[in-house]
There are 2 protein chains.
Amino acid sequence: MRPTVHDIAAEAGVSLATVDRVLNARAGVRSETRLRVQAAVERLGYVRDVAAANLAKSRIYPIRFILPSGDNPFMRALEAHVRQVGNPALRPGGLERVAVSLDCVPPLDAPALAAALIKAGEDEPAGIAVVAVEAPEVAAAVRTLQARGIPVATLVSDLPASGRNHFAGIDNMAAGRTAGGLMRRFLSGSRGAVAVIAGSLSLRDHRERLDGFAQALREAGEGLTLLPVLEGEDDPAKVEALAKRLLAEQPDLAGIYSLGAGDRGLVRALAQTKMPRPQAVVVHELSDHTRQALEEGLVDAVLAQDPGHIARSAVRVLRAFADGLVFDPAQERIRIDIFLKDNLPPARQALSDPHLPTGE
Amino acid sequence: MRPTVHDIAAEAGVSLATVDRVLNARAGVRSETRLRVQAAVERLGYVRDVAAANLAKSRIYPIRFILPSGDNPFMRALEAHVRQVGNPALRPGGLERVAVSLDCVPPLDAPALAAALIKAGEDEPAGIAVVAVEAPEVAAAVRTLQARGIPVATLVSDLPASGRNHFAGIDNMAAGRTAGGLMRRFLSGSRGAVAVIAGSLSLRDHRERLDGFAQALREAGEGLTLLPVLEGEDDPAKVEALAKRLLAEQPDLAGIYSLGAGDRGLVRALAQTKMPRPQAVVVHELSDHTRQALEEGLVDAVLAQDPGHIARSAVRVLRAFADGLVFDPAQERIRIDIFLKDNLPPARQALSDPHLPTGE
DNA sequence: CTGTTAGCGCTTTCAT
DNA sequence: ATGAAAGCGCTAACAG
């Protein structure tokens, strides 16, 4: 059996309450006593049972998520996962004692986001997770929250200047480089123009992907020229218009890298065009549309990040920060997933059947 | 507040003990009473607090892992992660109440594996996780365990015929297809021979990868011919010898797919050869050697599965089976990771610093 | 500064 | 067939 507070109380010759005070670094213990307790902890190799502690505290962790509204499929998938993480009926035994609430604000609207952050902090949640827009007022809001002792994690798009506690998302520079590397190999030897369609360069993730991609393509040094970036504001209609023009007016178009959302529009343009299609098309995030486009060969690779992992990870990490505990960075690293036609995951999975207890 | 057993006892007009009996499907409750309790559960939307239940039961889950011994770097990495999952000091608040023990048996030795399985089942563990070898005696051992009520999960290499409760590993057929798809694109247009180096075809994962690869290459229909499979027994020295012969005697060698272990040998052969190197080399699993080979351009892509994820997932799933609980299949799906030079994860990460509690 | 005591939500004797 | 009461490991009043 693992040692308990009782064991270390006995070992140190003090009461439970004193042990608890030392363990939780509360004031009001003579330093000599504290040392005795700490020695006992060391000697017995005591490790706190966090589940029991939380039970005793009746502690629940209120965690607020702030996501962009709108019909970006990735964000809607993230929202669905966030709601699921917060539902105890859906994950008994899992991430417990968390009360998740969720707020959506219009995308790309920094003042609205900053206001939502401040409001989210008002009732002292255990942590706040937010898809950031890179703007001074947002960074200021994050700093204000942290000053009030509320841990903040950015999701998907980072805001390092704010000093946020954690970023749950992929390394977007690496993602851009990966896209560039794939494009180069898919285009091996051929010459031509490569287009990039972004959502908005005021999103840090989009800027970083662009930088990484440009870098990888430059290194290629081959006959590939990078066209000026197009911004489609993650809007399928705008992206479609941009892509149509591109296909019509750029006869030597060899590749397209779509690093934001709105791929529905791109896919439509590709499906309808009468011009020869570019040899390599790389997009971001798995959705019904991109999945189908991959299967049909309209798209050659999808770079993705797992929204379920992001939601769970954000909760775990914020909880760890709230409690002053360690977490495992390897487990919380969000992978850059590369999907080809051949390794597409099954479309959608529900919870496993409950395995009835033996006896029924 | 979520309803507790007290609430449902009051609602149903019975005592705590009776509620507990119904909740745990234990005998000795009149069916009329049972119905009353179940109705109360429904009405109040009661969900059991698993953490509290485990605390009350003082339950710990003894889980046994059986892995192949030897110097296969992937298996050693898996072993390291398994040991970490079982160490409460390393993951406070995480996967708690699990006592992991680990046993290694010689690779590819079915009788030894079967014996180890039977032995592992002797003291009634909560679950057993095993890297399977496909052999009748192993399947029989697994069935014996299950007949005794012990859930079994296979890791990495599956054994579906045994009726194991769960498989924690990638879809190896899809992995093979993915390798084939990459190879085709990397070789776009060129003609030549493609070699496959496996470990042993008595490992189901190796056979499945081979099948998927062959299938993808056939579909390609281009000028690529698949050479007869080589078996290197996952041994670097043997793999090196095979690869050297291949490089020397196959002048039109366009690609190599190494789907087992022993890649150290392959990398050495590639580094030392004076012949032109094949245009595309795809291997499995990230290790110091394959990572470096990727960075140096000796290898073009690494397919991988995350050993940390496999270890954690196996424990979560076995625990869910032991308790008759649901789990989230999407969370437990092991991804086929594709690593290129550009999206290599950082080499190694330790636990995050403990965030000291406020007040100290 | 330190100790006693009553619970957190659930399970488990032991009575009835 | 059902209930009362103690206790899992920890925290939180409230006394001293």
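FYI, side chains are in, hydrogens and waters are out, and symmetry mates aren't considered; it's all heavy atoms of this structure.
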Is the shortest heavy-atom distance from the side chain of [X] to the side chain of [Y] under 4.5 Å?
{"X": "B/R64", "Y": "B/D123", "result": "yes"}
{"X": "B/F65", "Y": "B/L155", "result": "yes"}
{"X": "A/D306", "Y": "A/R335", "result": "no"}
{"X": "A/Y61", "Y": "A/L318", "result": "no"}
{"X": "A/P151", "Y": "A/Q146", "result": "no"}
{"X": "A/H309", "Y": "B/Q331", "result": "no"}
{"X": "A/P62", "Y": "A/E124", "result": "no"}
{"X": "B/R2", "Y": "B/Y46", "result": "no"}

Over how many whole Å does the gap from [X] atom [atom1] to [N] atom [atom2] extend?
{"X": "A/I8", "N": "D/dT11", "atom1": "CD1", "atom2": "P", "value": "11 Å"}
{"X": "A/L55", "N": "D/dA12", "atom1": "CG", "atom2": "P", "value": "12 Å"}
{"X": "A/R48", "N": "D/dT11", "atom1": "CZ", "atom2": "C1'", "value": "10 Å"}
{"X": "A/D49", "N": "D/dC10", "atom1": "CG", "atom2": "P", "value": "6 Å"}
{"X": "B/R36", "N": "D/dG3", "atom1": "CZ", "atom2": "C1'", "value": "14 Å"}
{"X": "A/D20", "N": "D/dT11", "atom1": "CG", "atom2": "C1'", "value": "5 Å"}
{"X": "B/L16", "N": "D/dA5", "atom1": "CG", "atom2": "P", "value": "11 Å"}
{"X": "A/N54", "N": "D/dC10", "atom1": "CG", "atom2": "P", "value": "12 Å"}

By the 4.0 Å heavy-atom rule, please label [X] as base, sugar-phosphate, or nothing.
{"X": "A/A17", "answer": "base"}
{"X": "A/V19", "answer": "nothing"}
{"X": "A/R21", "answer": "base"}

Extract, from 5' to 3' on DNA chain C, the first and final nucleotides lying under 4.0 angstrom from some heavy atom of chain B.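 For DNA chain C, the relevant span reads C/dG9 to C/dT12.
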
If the helix axis at each end comes from five base pairs, how far does the helix from C/dC1-D/dG16 to C/dT16-D/dA1 deviate from straight, to 10°?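 Taking five pairs per end, the axes differ by 40°.
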
Hey, which of these two, B/G28 or B/A53, hits DNA chain D nearer its 5' end, going by closest nucleotide?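 Per heavy-atom nearest nucleotide, the more 5' residue is B/G28.
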
Contact nearer the 5' end of DNA chain D, comparing A/K57 with B/V14: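 Final value for this comparison: B/V14.
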
Should we say atom NZ of A/K57 is surrounded by more than 12 heavy atoms from elsewhere, each under 6.0 Å from it?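 Yes - once you tally the heavy atoms of other residues, nucleotides and ligands closer than 6.0 Å, there are more than 12.
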
Would you please confirm or rule out a distance under 4.0 Å between OP1 or OP2 of D/dA1 and any side-chain N or O of B/R34?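 No.
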
Report yes if a side-chain nitrogen or oxygen of B/S15 is closer than 4.0 Å to either non-bridging phosphate oxygen (OP1 or OP2) of D/dG3; otherwise report no.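 For B/S15, the contact criterion (side-chain N or O under 4.0 Å from OP1 or OP2 of D/dG3) is met.
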
Tell me every residue that passes salt bridge (Lys or Arg N to Asp or Glu O under 4.0 Å) with B/R143, counting only those two or more places apart in sequence or in another chain.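 Checked B/R143 against salt bridge (Lys or Arg N to Asp or Glu O under 4.0 Å); zero matches.
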
